[in-house]
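Worth saying up front: this structure is predicted, and the values here are computed from it rather than measured.
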Amino acid sequence: MAKPKKNLLFVMSNLRCGGAEKSLISLLQTIDYELYNVDLQLFSVKGLFLKQLASKVKLLPSIEEYHYFDMSFSKALLKAFKKRRLDIIYNRIIAGYIFKTEKNLSRCEQRVWKCISRCVPKSSKKYDAVFGFLEKSPVYYAIEKVNAIKKIGFVHNDYDKLEMDKSIDLPYFDKLDFIATDSKECGEVLVKNFPSCDKKIKIIFNIVSPILIKKFAMEPIPDNFPKGIKIVSIGRLENQKGYDFAADALKTVKEAGYQFHWIILGEGVEKSKLLKQIAKNNLEENVTFVGIKENLYPYLKMADIFMQTSRFEGKSVAIDEAKIVGRPILVTNFSTVSDQITHKETGYITEMNPEAIAEGLIELLQNEGLRNLLSENLSQLHLGTESEIEKIYDLVK
């Protein structure tokens with residue numbers, strides 16, 4: 001007689017874009033649905049990756065009360081008044097004060113959760129395990145609102161660099177059965193910040209499938225970019241990703257007489273600032289913003305160089321994807337980079353400043369042999385991490 005399936009719940013803010021979102025999609029495409037029933041709770045049922053969600057995942061309705069904290073103050077109060085939700089009115093006023101006065105975005109989300117939590121109902125279903133798949137609100141929801149035998153929280157980045165308030169997180173982390181993160185260095189940072197949680201911290205690498213990525217990379221796209229070496233960058237347009245470093249580096253590269261075109265896939269709060277920097281550096285004709293694409297792999301495939309100039313990362317999904325597609329990679333020396341790249345063997349690592357980035361780019365632009373060597377070395381590697389799903393199963397067991 002077959003064993004009854006275990007019931008799992010994954011909690012995420014949305015599926016708009018980003019490495020954690022892609023990691024979740026890959027995980028849900030890999031789970032054995034003969035053994036597990038899987039529900040997905042999104043705070044907002046939106047996002048580029050919704051179309052890639054495994055068909056056997058049950059997508060739960062978005063949390064209505066959450067939207068009051070994700071809309072304008074006046075609209076939220078009017079809507080809550082019409083529904084006679086005095087609790088939402090009271091907590092939205094407090095949240096509005098926090099939004100205005102708390103300049104640290106991570107701490108702002110941490111503090112506002114208390115307001116949201118007082119309005120959001122508990123989940124009615126019991127689960128064998130719940131996974132808060134991103135730091136802050138998804139983890140807090142998993143702890144406070146879900147009835148589950150096992151509770152697992154994910155931190156997808158270097159905790160020190162996230163600028164979060166660990167005094168807010170500690171009471172939540174104490175209630176988790178496990179804390180998962182995606183690199184050894186990120187795990188060490190968590191142990192340093194939360195020594196009482198040492199035994200709970202587990203390393204689970206992001207799941208990537210070379211078969212799927214190479215298949216999607218073959219999809220045709222128009223190549224109407226100007227002539228020259230194609231440099232591709234992927235990621236949210238935020239300070240973390242270091243696009244400002246790249247823009248200043250490329251100014252130097254252009255002034256040195258090299259032909260190139262920088263193709264950027266992503267959107268974010270730093271776009272207007274980056275556009276001004278590109279104009280100031282006389283790079284308008286050298287840059288194309290492609291935006292967010294459901295299938296970014298053909299752009300990776302066309303890249304002569306994949307460039308990621310981040311200030312910090314956990315384990316970068318975009319770098320893993322560039323490795324699978326076999327593109328020469330230039331990255332900055334953020335704290336976890338050695339988990340993914342060996343200098344001049346599987347990529348090119350530069351210091352974290354525009355001058356060093358420019359120097360590295362020029363060397364790669366000049367040296368086609370080095371670019372070919374990096375690609376050849378990547379082609380020899382086994383880069384699939386589908387077996388990481390076994391670690392998920394172990395946590396549930």
Side-chain angles (χ1 to χ4, degrees), residues 12-24 47-49 102-110 133-139 154-166 169 181-183 185-190 193 206 231-250 262-278 287 289-292 296 306-322 329-341 347 349-354 356-357 360:
M12 193 66 164
S13 300
N14 56 63
L15 291 177
R16 284 180 185 146
C17 64
E21 290 84 351
K22 281 194 282 186
S23 175
L24 176 59
L48 185 71
F49 301 129
E102 179 57 73
K103 303 305 180 187
N104 180 313
L105 294 179
S106 290
R107 182 173 164 78
C108 182
E109 183 181 339
Q110 288 180 290
F133 206 72
L134 192 65
E135 56 272 1
K136 296 173 284 191
S137 300
V139 170
F154 278 72
V155 177
H156 283 278
N157 242 313
D158 179 333
Y159 190 90
D160 280 343
K161 303 295 194 305
L162 289 170
E163 298 183 340
M164 289 161 65
D165 186 335
K166 63 183 180 182
D169 274 338
T181 191
D182 48 20
S183 78
E185 283 77 8
C186 288
E188 290 170 351
V189 170
L190 282 172
N193 282 282
N206 295 316
I231 301 169
V232 173
S233 296
I234 297 171
R236 298 180 310 279
L237 306 183
E238 297 179 0
N239 180 260
Q240 173 192 344
K241 299 299 181 180
Y243 285 103
D244 54 326
F245 293 150
D248 283 345
L250 288 171
W262 186 22
I263 302 164
I264 301 172
L265 288 93
E267 294 287 350
V269 295
E270 295 275 318
K271 185 172 183 178
S272 60
K273 183 178 176 182
L274 182 57
L275 283 167
K276 290 176 184 175
Q277 187 179 2
I278 287 167
V287 181
F289 286 86
V290 175
I292 299 171
L296 54 82
F306 173 74
M307 176 173 66
Q308 183 159 326
T309 52
S310 299
R311 288 177 164 85
F312 63 94
E313 291 285 344
K315 190 169 189 288
S316 168
V317 174
I319 289 176
D320 279 346
E321 291 168 338
I329 298 165
L330 180 138
V331 291
T332 42
N333 63 342
F334 51 84
S335 61
T336 58
V337 72
S338 60
D339 263 6
Q340 295 177 276
I341 297 294
I349 302 174
T350 79
E351 294 300 313
M352 200 180 293
N353 60 70
I357 295 165

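- At a threshold of 4.5 Å between non-hydrogen side-chain atoms, the residues Gln308 and Ile329 do not count as touching.
- At least one donor-acceptor pair under 3.5 Å links the side chain of Asn206 to the backbone N or O of Lys315.
- Across every non-hydrogen atom of Ala249 and Pro354, the tightest pair is CB-O, 3.4 Å.
- A 4.5 Å side-chain heavy-atom check between Leu24 and Leu15 finds at least one atom pair inside the cut-off.
- Atom OG1 of Thr181 and atom CD of Glu188 lie 11.0 Å apart (nearest 0.5 Å).
- The minimum heavy-atom distance between Thr336 and Gly314, with the atom names listed, is OG1-O, 2.5 Å.
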Begin from the C-alpha positions of Val232 and Val290 and carry the test side chain to side chain contact (heavy atoms under 4.5 Å, CB included) through to its verdict.
CA-CA 10 Å; Val232 173; Val290 175; over 6 Å; no
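- Residues forming a ring pair (Phe, Tyr, Trp, His ring centres under 6.0 Å) with Tyr159 (at least two apart in sequence, or on another chain): Phe194.
- With hydrogens and angles disregarded, a donor-acceptor distance shorter than 3.5 Å links the side chain of Gln110 to the backbone of Asp165.
- Using a 4.5 Å heavy-atom cutoff, the side chains of Val287 and Leu250 are not in contact.
- How far CZ of Phe289 is from CG of Leu275: 4.5 Å, rounded to the nearest 0.5 Å.
- Residues satisfying the side-chain contact (heavy atoms from CB on, under 4.5 Å) criterion with Ser106, sequence neighbours excluded, are Asn104, Lys136, Met164.
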I'd like to know whether Ile319 forms a side chain to side chain contact (heavy atoms under 4.5 Å, CB included) with Phe306, so could you lay out the CA-CA distance, the side-chain angles of the two residues, the decisive distance to 0.1 Å, and finally the verdict.
CA-CA 8 Å; Ile319 289 176; Phe306 173 74; 4.2 Å; yes
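- Of the residues Asn353, Thr350, Val337, the one that meets the side chain to side chain contact (heavy atoms under 4.5 Å, CB included) test with Thr332 is Thr350.
- A side-chain donor-acceptor contact under 3.5 Å links His156 to the backbone of Phe133.
- Distance CZ/Phe312 to CD/Glu185: 15.5 Å, rounded to 0.5 Å.
- Pairs of residues two or more places apart, or lying in two chains, that qualify as side-chain hydrogen bond (donor to acceptor under 3.5 Å, both in side chains) and include a residue from residues 231-246 are Ser233-Trp262, Arg236-Glu238, Arg236-Gln240, Lys241-Glu313, Asp244-Arg311.
- Here the CG-CG distance, from Asn157 to Leu162, works out to 5.0 Å after rounding to the nearest 0.5 Å.
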List the steps, then state whether side chain to side chain contact (heavy atoms under 4.5 Å, CB included) holds for Cys186 with Val155.
CA-CA 8 Å; Cys186 288; Val155 177; over 6 Å; no
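- Summarising the geometry of Gly242 relative to Thr309, their closest heavy-atom pair is O-OG1, 2.8 Å, with the distance given to 0.1 Å.
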Assess the residue pair Lys273 and Leu237 against the criterion (side chain to side chain contact (heavy atoms under 4.5 Å, CB included)); give the C-alpha distance rounded to whole Å, side-chain angles, the decisive distance to 0.1 Å, and a yes or no.
CA-CA 10 Å; Lys273 183 178 176 182; Leu237 306 183; over 6 Å; no
